[in-house]
Amino acid sequence: MTERGGQEQLEAQLGQWRQYVLRRRELQPSDADELEDHLRGSVDELVTAGLSPDEAFLVAVKRMGSLDDISREFAREHSERLWKQLVLTGDPGSTVAGARSRRDLWAMLGCAAGAAASVKVPALFGLSFDDDGSFYARNLTLFALPWLAAFLAWRRKARPAVIAILAALFALGAVAANAYSLADDSQSVVVTSIHLPIALWLLVGLAYVADDWRSSRRRMDFIRFTCEWFIYFVLMALGGGVLAAFLFNTFQAIGIVPEEFISHWLLPCGAAAAAVVAGWLVEAKQSVVENIAPVLTRLFTPLFTAALLAFLVAVVWTSHGIDVEREALILFDLLLVVVLGLLLYSLSARDPLAPPGPFDKLQLALVVSALAIDVLVLLEITGRITDDYGSTPNRAAALGENVILLVNLAWSAWLLLTFIRRRVPFAALERWQTGYLPVYAAWAWIVVLVFPPLFSYA
Amino acid sequence: MKVAKDLVAASATPMVLGILTEGESYGYAILRRINELSGGELSWTEGLLYPLLHRLERLGHVESSWQSVTGERKRKYYRITDLGRAELAEQRRQWDTVVGALKEIWHDRAPLTVDPLGGLG
C-alpha cells in the first residue's frame, strides 16, 4: 500500500468513526472534534513509532476505550444535553446539524407568526368573532393548517408540483368553506365545519409525505406524526389555559379586565401558532413522545374494549336498539373514530417485526366490538333516512362515515385475525390502514364540496 | 501496579489544574503528560479526561478556545483561570494535609519508587 493510499484510507476511517460518534446524543459536534483530535494525536504518535496508518488507527481506537463508556461519562457531566436537543439558542461551535435545526427554528417561528396573524386578518375586513361566529367555525383550520403544511413542505424540500397541488387544494378548501351561501344555522355549516378540518389535515399529510407519498412507511410516519402532534397540541393547550387563567386573575386584581385580549388575541392566535409549533416539536424531538405512545395505547385499548363490550352487553340485555337524538348519533360516530384512532395509534407505535401477542388479541376484541356498534348505528341511520324527513346533509354524512368505518374495521378485523393466526405479516395491516387514508380524504372533500349544492344548501 | 480508580478520580482535578499551570494545553497532550509524570502508572481514559475538562470549564476553573494548528487541524486548548489557580491552591492544601499525615504514618516504610504527587511537590 502506498503511503498516500494509506493516508486516504485513514481519513475515510476517521470519517466513519466520526459519524459513529455523532450518532450518540450525549456527544455534540464540538465533542466529536475534540475526540477526533485526540484520536489523530494518538494515531500520529503510533505512526511515528513505526505502525502503518491502518494499524495505528485500529490501535488508537482500541486505546480510546469503548464509546459507550465515554458517552456515559459525558452524559454524567452534561445531563442537560439529553433534554437540550431543542436548543433555542444555537451553540456557536455547532456545525451542519446545528445550523439546520436553527434554520428549522426560524422557519417554524415564521410559520407560527403567519398562522397567528392570519387569525386576525378577517378582523381587518370587519369580521370579528362576535359578529360572525359561523365564519370562524368554518375557517378555523384554514388559518393554521396551511402554515403547518408550509413548514413541513419547506422541511421536506417539496417539489414545486407538490407545493402547487397543496396551494391549489388549500385554496379550494377556502372556496368550499366560504363560497356557498349557507345560513348560519344550516346543517351544511355544521357538516362543513366537521369535514373541512379532516380534509385539510390530510393535506398536511400530503405535505408531510411530500418526498415519497407512495411509500406506506411514510404514511405510517404521518399517522405517528398525527398522534404525537395531537399530544403536543393538548399539552400546549393546557399550558395556554393556565397562562390565560393567570393573566386574567392577576390583571383583574389590579383593576384591568383583560377578557378582550385573552379571548380575541391570546387564545385564537395562540391556538393557531400552537398548531405549527406542535408540528415542529414532533419533528425536532420525535423520540420523547415515541415512548409515550405505546404506554397510552396499552392503557386505553383495554379500557375502551371494556367500555364497548359493556355497552354491547347492555344493548343485548335490554334488547333495546339504538334510538336516540341526532346529537347522540354523532356521539357514536365519534366513539368509532376514537376507536379507529386508538387502533391507528397502536399500529404506528408497534414494532412491525414483533410476533403476534396477547395485545393483538385485545385489539381484535376492540375492533370487533366497534364493528358491532357500527352495525347498530348503521341500522339506526338507514331507518332514519327512510323516515319522513328523508336524507339530510347530516344523515347522509353520518351514513357515509359509518360505511367507510365499517369497511375499514371489517377488513382490519379480518387482517388482525389472520395476523394473530400468523397467516399474514403485520405489514399487511399497516398497508391496509395507510392505503385507506386517501378514502377519508376523498370523502371529506366530497362532503365539503358536493354536499352543500347537493342538498340545496340546507 | 495500577492506581485504584477512586484515587485516580480524587486526584484528577488537582492533576489537570497542576498541568495547566505549566501552560495552556489540549486533551491529548494532557493525557500524555499525566502518563509521563506517573511513569505510565496512572491510567486515565478519555471518558475521564474530557468530561472533567468540561466540568472544570463549567465551574470557571479553566477556559477553552479552538485554535488552528499546522494550518489544517483545529484543536481545543484549555487554559487555567484565576479561579482555577485558587481552587488548585485550596486542593493542594488539602492534599498536603493528607500526604503529610500518610507520610507520618508511613515514615518508617521504604519510599515509593514513583511519587505520583511529584508534580505537586
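Predicted model, so just to flag it, every value in this text is computed and none were measured. Just so it is clear, the values below take in all heavy atoms, side chains as well, and ignore hydrogens, waters and symmetry mates.
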**Q** So, using salt bridge (charged side-chain N to carboxylate O under 4.0 Å, His left out) as the criterion, who are the partners of B:E87 when residues are at least two apart?
**A**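 By the salt bridge (charged side-chain N to carboxylate O under 4.0 Å, His left out) rule, B:E87 matches no residue at all.
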**Q** For A:F230, is the CZ atom crowded, meaning more than 12 foreign heavy atoms sit under 6.0 Å from it?
**A**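 No, not enclosed.
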**Q** Please determine, by modelled atom types, if A:H38 and B:Y50 share a side-chain donor-acceptor pair under 3.5 angstrom.
**A**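 Yes, side-chain donor-acceptor contact under 3.5 Å.
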**Q** Got a list of side-chain donor-acceptor pairs under 3.5 Å for residues 14-22 of chain B, not counting sequence neighbours?
**A**
{"residue": "B:T21", "atom": "OG1", "partner": "B:G18", "partner atom": "O", "Å": "2.4"}
{"residue": "B:E22", "atom": "OE1", "partner": "B:R33", "partner atom": "NE", "Å": "2.9"}
{"residue": "B:E22", "atom": "OE2", "partner": "B:R33", "partner atom": "NH2", "Å": "3.1"}

**Q** Would B:Y26 and A:E34 count as having a side-chain donor-acceptor pair, cut-off 3.5 Å?
**A**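 Side chains of B:Y26 and A:E34: no pair found under 3.5 Å.
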**Q** Chain B heavy atoms under 4.5 Å from A:L39: which part of the residue, side chain, backbone, both or neither?
**A**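 Neither part, no heavy atoms under 4.5 Å.
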**Q** Could you check if a side-chain atom of A:R63 sits within less than 4.5 angstrom of a side-chain atom of B:E46, using non-hydrogen atoms only?
**A**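 No; the side chains remain at least 4.5 Å from each other.
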**Q** Is chain A contacted by the side chain of B:L31, its backbone, both, or neither, given a heavy-atom distance below 4.5 Å?
**A**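 Interface part for B:L31: side chain.
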**Q** Please examine the side chains of A:D31 and B:H54, heavy atoms only from C-beta on, and report whether any two atoms are closer than 4.5 Å.
**A**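 Contact flag for B:H54/A:D31 side chains = yes.
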**Q** When rounded to the nearest 0.5 angstrom, what distance separates CZ in B:R75 from CG in A:D37?
**A**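 Going from CZ on B:R75 over to CG on A:D37, the span is 4.0 Å.
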